[in-house]
Engineer: 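For reference, the structure I am asking about is given below.
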Amino acid sequence: MALAPLPLRHQIGPGFALLLVLPVLLIWTGRVYGPWPVVCACAAAVSLFRKPLCVLAKRAKRWFRKS
């Protein structure tokens, strides 16, 4: 939640780090609490990373077009 008020260009770095840690957290949550909290966490993650992932996809698209 601390990243939300920041401009999008400042959210990409920490958001990428959170994206890398997310699978570990989801697996741990699934083992401890079961599948339903993981489903809820996945929905929250998709909502949380919607804009940063779109920005990364657009940048990757531009990079591949230049290559």
Side-chain angles (χ1 to χ4, degrees):
M1 291 188 300
L3 296 177
L6 296 175
L8 189 56
R9 66 180 178 269
H10 295 296
Q11 293 179 5
I12 292 174
F16 186 69
L18 289 172
L19 190 61
L20 292 176
V21 173
L22 185 63
V24 175
L25 291 174
L26 289 176
I27 291 169
W28 174 75
T29 302
R31 289 180 150 219
V32 174
Y33 298 107
W36 290 113
V38 174
V39 170
C40 293
C42 284
V46 167
S47 174
L48 177 69
F49 290 115
R50 183 184 68 237
K51 287 185 180 180
L53 289 174
C54 287
V55 169
L56 287 174
K58 287 179 184 178
R59 287 184 182 181
K61 213 180 214 184
R62 279 188 241 148
W63 186 77
F64 283 119
R65 284 183 185 169
K66 288 181 182 179
S67 298

Engineer: Going by side chain to side chain contact (heavy atoms under 4.5 Å, CB included), name the residues that satisfy it together with Pro23, two or more places apart in sequence or in a different chain.
Structural biologist: none
Engineer: When clusters are formed from ILVMFWY side-chain contacts under 4.5 Å, directly or step by step, what else is grouped with Phe16?
Structural biologist: Leu20
Engineer: Report the residues that fulfil side chain to side chain contact (heavy atoms under 4.5 Å, CB included) with Leu25, sequence neighbours left out, ordered by chain and then residue number.
Structural biologist: Val21
Engineer: Checking side-chain contact (heavy atoms from CB on, under 4.5 Å) between Cys42 and each of Val39, Val46, Val38, which is the one that passes?
Structural biologist: Val38
